[in-house]
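Comments concern the structure below.
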Amino acid sequence: MAKILVTGGCGYIGSHTIIDLLENGYSVISIDDNSRSTAYAVNGIEQITGKKIKNYKVDLKNFDETRAVFQENEDITGIIHFAAYKAVGESVAEPLRYYENNMFGLINLLKCVQEFDIPYFVFSSSCTVYGNPDSIPVTELSPTKKAESPYGATKQMGEEILRDFTKIDGIRSAILLRYFNPVGAHPSGLIGEVPVGRPQNLVPAITQTAIGKLPKMLVHGNDYPTRDGSCVRDYIHVSDIASAHTLALQYLINNENQSPCDVFNLGTGNGISVLEAIHTFEEVSGVKLNYEIGPRRPGDVIAIYANNDEAVNRLGWKIKYGIKDMMKTAWDWELKIKEAEEKVKSN
Ligand code: WQD
């Protein structure tokens, strides 16, 4: 049974991916310093799969501690690398923290890949590398633009580092997965996104407003050249993102002669506006959302959604969830969080 190292395994996409890997017969270990996540996710993974996984609470910026994990686990076949900071606004305010964390972490990891001869590597990238696209839907060949934030720059640099790294000796191969907008939660309601502080992303802002944690939410602009004036995105269920990672790994293992570094878009191919997302949420939750139209948010892309033919045709990716499922599972998860918080208060 191939052993896979997942970095950021206690995080939102990492935990959902571990579930998919376990359900597909892989054994998994995680490295997560829990600076942006909680070890609680490991409990959720065990409740859902019945399998325990070990998380090494290690900061990838600490090379010796990272290397020690590889020394203890000589049988790692592949790595899926999620561990990185990912808040666009925060990255603008604190660029050095983002470049240090996201790049030093990746480089330390790749030094271990080299020393311990790990053949397969899947990298968490983002549609943010496309910037404001000239035409949509975007394919993997669409031009990447100068990143709009240090966060986006770390994703672009990460891709370049992997292209150069996999060229050197031909024994390693990597896949870069460009996520569009991951949203929703595991259908079991046992794990989901746990935003740190006030949520910047749309769906957690919607669910926290609906549950009363936030008094209201702002729609960042409705004067864009789109069908209803609000920005258009390609929202994709986190469990669909997860299954694509397992398929990417299987693709690397089964296709020795495939190109050293391949890239795939992970989006549904459907563009949904902010206002459409809000109305879908209201429909599936039965909750009228308290929102106002506010000013545009600097750095926002007007409209982007994916052409996902490559992932569908070459990885065999099948998308299971639509926008209603995304909103329903996100809302169910928010209700679970409230239930747990009330239980803690009553104890
Ligand atoms: C979506 C739309 C907002 C909140 C970023 C990263 C991307 C990925 C996902 C990591 C925009 C609008 C939002 C609110 C709003 N990150 N919005 N009111 O910016 O498309 O993508 O997060 O994987 O790499 O770039 O996602 O959810 O922040 O915003 O109107 O309270 O919702 O303006 O138009 P974004 P988002």
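Just so you know, ligand 1 is whichever comes first in the structure, and atom 1 is the first atom listed for that ligand.
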Inset, instruction - For the residue pair Asp20 and Thr246, confirm or rule out a side-chain donor-acceptor distance under 3.5 Å. - result: yes
Legend entry - Selected option - heavy-atom contact closest to atom 7 (C) of ligand 1, from Gly152, Pro199, Ser126: Ser126
Inset, instruction - Establish, from distance only, whether the side-chain atoms of Asp33 and Ser35 form a donor-acceptor pair under 3.5 Å. - result: yes
Legend entry - N or O contact, Pro182 vs ligand 1, cut-off under 3.5 Å: no
Inset, instruction - Please report which non-hydrogen protein atom sits nearest to atom 20 (O) of ligand 1, along with the residue it belongs to and the distance in Å to one decimal place. - result: Arg233 NE, 2.6 Å
Legend entry - Met217 neighbourhood, listing ligand 1 atoms whose heavy-atom distance to it stays under 4.0 Å: 14 (C), 18 (N), 31 (O)
Legend entry - Side chain, backbone, both or neither: the part of Asp300 lying under 4.0 Å from ligand 1 by heavy atom: side chain
Inset, instruction - Determine, for Lys57 against Asp32, whether the closest basic-nitrogen to carboxylate-oxygen distance falls under 4.0 angstrom. - result: no
Legend entry - Minimum-distance protein heavy atom relative to atom 1 (C) of ligand 1: Tyr235 OH, 3.7 Å
Inset, instruction - Would you check if there is a donor-acceptor pair between the side chains of Glu72 and Tyr56 at a distance under 3.5 Å? - result: yes
Inset, instruction - Start with the C-alpha gap between His186 and Tyr12, add the side-chain angles, then the distance that decides, and say whether ring pair (Phe, Tyr, Trp, His ring centres under 6.0 Å) holds. - result: CA-CA 10 Å; His186 191 270; Tyr12 175 43; over 10 Å; no
Inset, instruction - Among all protein heavy atoms, pick out the one at the shortest distance from atom 16 (N) of ligand 1; state its residue, atom name and that distance to 0.1 Å. - result: Tyr151 OH, 3.7 Å
Legend entry - Pairing of Lys318 and Asp240 as salt bridge, 4.0 angstrom limit: no
Legend entry - Heteroatom proximity flag, Leu202 to ligand 1, N/O under 3.5 Å: yes
Inset, instruction - Report the member of Asn201, Val219, Ile206, Ile241 with the shortest heavy-atom distance to atom 22 (O) of ligand 1. - result: Asn201
Legend entry - Connected via hydrophobic side-chain network under 4.5 Å: Ile19 and Tyr40: no
Inset, instruction - State, without any angle test, whether Thr139 and Asn307 hold a side-chain donor-acceptor pair at a distance under 3.5 Å. - result: no
Legend entry - Structural part of Val274 in contact with ligand 1, heavy atom criterion under 4.0 angstrom: side chain
Inset, instruction - Note the single closest protein heavy atom to atom 18 (N) of ligand 1, along with its residue, its atom name and the distance in Å. - result: Leu218 O, 2.7 Å
Legend entry - Taking atom 29 (O) of ligand 1 as the reference point, the nearest protein heavy atom with its distance: Arg297 NH2, 3.2 Å
Inset, instruction - Would you mind telling me if ligand 1 is within reach of the side chain of Gln200, the backbone, both or neither, using heavy atoms under 4.0 Å? - result: backbone
Legend entry - Whether His81 and Phe121 hold their rings parallel, tilted or perpendicular, with breakpoints at 30° and 60°: tilted
Legend entry - Modelled atom types, side-chain donor and acceptor of Lys61 and Asn101, under 3.5 Å: yes
Legend entry - ligand 1-proximal atoms of Tyr179, by part, heavy-atom distance under 4.0 Å: neither
Legend entry - Minimum-distance protein heavy atom relative to atom 26 (O) of ligand 1: Asn181 ND2, 3.1 Å
Inset, instruction - Identify, for atom 15 (C) of ligand 1, the protein heavy atom at the shortest distance, and state residue, atom and that distance. - result: His220 CD2, 3.2 Å
Inset, instruction - State the atoms of ligand 1, each with its element, that fall below the 4.0 Å cut-off from a heavy-atom position in Lys86. - result: 10 (C)
Inset, instruction - For atom 6 (C) of ligand 1, grab the closest protein heavy atom and report residue, atom and distance to one decimal in Å. - result: Val88 CG2, 3.6 Å
Inset, instruction - Go through the side-chain N and O atoms of Lys3 and Asn73 and say whether any donor and acceptor fall under 3.5 Å apart. - result: yes
